[in-house]
Amino acid sequence: MEAFKGEVEVKSKIIKIQKLGFPWETEDPFLMTVHHKDAYPPGNDEQGPNVSLEGRNLGEDFTLRDGFRMYHGKTVPGFPVHPHRGFETVTVVLEGLIDHFDSYGSVGRFGNGDVQWMTAGKGAQHTEMFPLVNQDKGNPLEFFQIWLNLPAKDKFADPEYKMLWAEDIPEVQSAAANGQKTSVRLVSGNAMGQSSLEPNAASWANDKNHHVGIYVIHMESEAVYTLPSVSATMTRNLYYYQGEKLNIDETAIETYHRVKLAGDQEITITNGSSESYLLLLEGEPIQEPVAAYGPFVMNTEQEIREAFKDYQNTQFGGWPWDRPDPVNKRESGRFARHADGRVEKR
């Protein structure tokens, strides 16, 4: 068995246990997952932090200080314009708001349970800024950004941007014999006879035979939940990101650990005396070479070089906005305006 730092080899249902870092390690078909959690203060008139930013390495501020990070933002926290090619980003917002702008003219604001599914495909530029809309109280933000690979045949698919609104995302509940409940939000996949909303057209998740599951799980104290047997070839990783302790079969799992599980066995999770929150990522691997450099994920180094050249020549559609870090008006609410003019409001 492959060894790596922090690994504990245990029973056959549990293949690995690993303490989580930043970002979280994933497996094919997933490329990376980042868990962002920032306690932003009240906002100023520009929707940035209404506190001093002195001493921060603005533009490269990834150090948690006073409860938050500015990331690549200099006025508003977040990620100003940057390109992607060859994969998808699935942004699952648990709390707070994110503003989206892209090179094809789409714009939106989403959060508080919403999910943005973006297929970069042949190339797109976009932003992810974190507007601090509350001026009289804090602006906590917590979300996962999950990178899902595309197979070679779809790496040059047309870019697509879809919103899965919180009100529409299916959620199922299971009660243990003691009455304690487990709630599962289905970003992708199916559970207890319920299926998720449809992903983008080119996504690896769009084929049900690929068993791509993205599940956000909340367990009440002493709740018990069983993952079904699905496939011997599937990768299955459970990320225990908040709580105190739980057991998988007879093995105790501490919070902020990744547990790699067998995909072809039933896995019983028994929670401890505190609420627990978990993210489950699973799916059949694409099983193709991965060449990745920064924002581009292709199959060969030559394709990476071509991606940089194409970006330099075309800017993946250019940038139609008047600044690299645009934000929507404070009062805009949750919405999406697509490149074809279609508007969704929530």
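As the structure is a computational prediction, the values presented were derived from the model and not from experiment.
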Between [X] and [Y]: side-chain donor-acceptor atoms closer than 3.5 Å:
X    : Y    : answer
E88  : S203 : yes
H257 : Y241 : no
N237 : E27  : yes
N271 : S276 : yes
D38  : Y71  : yes
E220 : T182 : no
T89  : T91  : no
Q173 : S183 : yes
H100 : E128 : no
H210 : E284 : no

Taking atom [atom1] of [X] as the centre, report whether more than 12 heavy atoms of other residues, nucleotides or ligands fall under 6.0 Å from it.
X    : atom1 : answer
D45  : CG    : no
K260 : NZ    : yes
K208 : NZ    : yes

Pairs involving residues 325-346, ordered by first then second residue, that meet ring-ring contact (aromatic ring centres under 6.0 Å, His included) (sequence neighbours left out):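 For residues 325-346: Y161-H338.
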
Qualifying ring-ring contact (aromatic ring centres under 6.0 Å, His included) pairs, either residue in residues 264-294, two or more places apart: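 Listed once each, the pairs are H218-Y277, Y293-F308.
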
Donor-acceptor pair, side chain of D264 and main chain of S229, under 3.5 angstrom: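 Judged by distance alone, no pair lies under 3.5 Å.
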
Salt bridge (charged side-chain N to carboxylate O under 4.0 Å, His left out) partners for D340, two or more places apart: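 If we apply the salt bridge (charged side-chain N to carboxylate O under 4.0 Å, His left out) test to D340, skipping adjacent residues, the hits are R342.
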
Set of residues satisfying salt bridge (charged side-chain N to carboxylate O under 4.0 Å, His left out) with respect to D310, sequence neighbours excluded: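 In terms of salt bridge (charged side-chain N to carboxylate O under 4.0 Å, His left out), with neighbours along the sequence ignored, D310 is linked to R85.
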
List for me each residue that meets side chain to side chain contact (heavy atoms under 4.5 Å, CB included) alongside [X], sequence neighbours excluded, and say none if there are none.
X    : value
V51  : P41, P49, F68
N44  : E46, N50
E167 : D114, W165, R334, R346
N190 : S195

Pairs satisfying salt bridge (charged side-chain N to carboxylate O under 4.0 Å, His left out), at least one member in residues 185-196, at least two apart: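 Every pair satisfying salt bridge (charged side-chain N to carboxylate O under 4.0 Å, His left out) with a residue in residues 185-196: E171-R185.
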
Within residues 227-247 or reaching into it, pairs that qualify as salt bridge (charged side-chain N to carboxylate O under 4.0 Å, His left out) - sequence neighbours excluded: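 Found R236-E282, K245-E254.
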
Cluster companions of V230 among Ile, Leu, Val, Met, Phe, Trp, Tyr (side-chain spacing under 4.5 Å):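 V230 clusters with M234.
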
ILVMFWY clustering at 4.5 Å (side-chain atoms), partners of V133: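 Its cluster mates, by chain and number, are L97.
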
Any side-chain heavy-atom pair of [X] and [Y] under 4.5 Å:
X    : Y    : result
D99  : P131 : yes
E95  : L141 : no
V115 : F110 : no
R109 : S332 : yes

Single-linkage hydrophobic cluster, 4.5 Å side-chain cutoff, [X] and [Y] together:
X    : Y    : result
F144 : Y240 : no
F30  : V297 : no
L20  : L94  : yes

Cation-pi check, R69 onto F22 ring (under 6.0 Å, within 45° of axis):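 Yes, R69 and F22 form such a contact.
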
Parallel, tilted or perpendicular: rings of W24 and H35 (30°, 60°):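 Geometry flag for W24 against H35: tilted rings.
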
W319 ring center within less than 6.0 Å of H126 ring center: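 Judged by ring-centre distance (under 6.0 Å), H126 and W319 do not meet the cut-off.
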
Basic-acidic side-chain contact under 4.0 Å: K122, E306: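 Judged by the 4.0 Å cut-off on N to carboxylate O distance, K122 and E306 do not form a salt bridge.
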
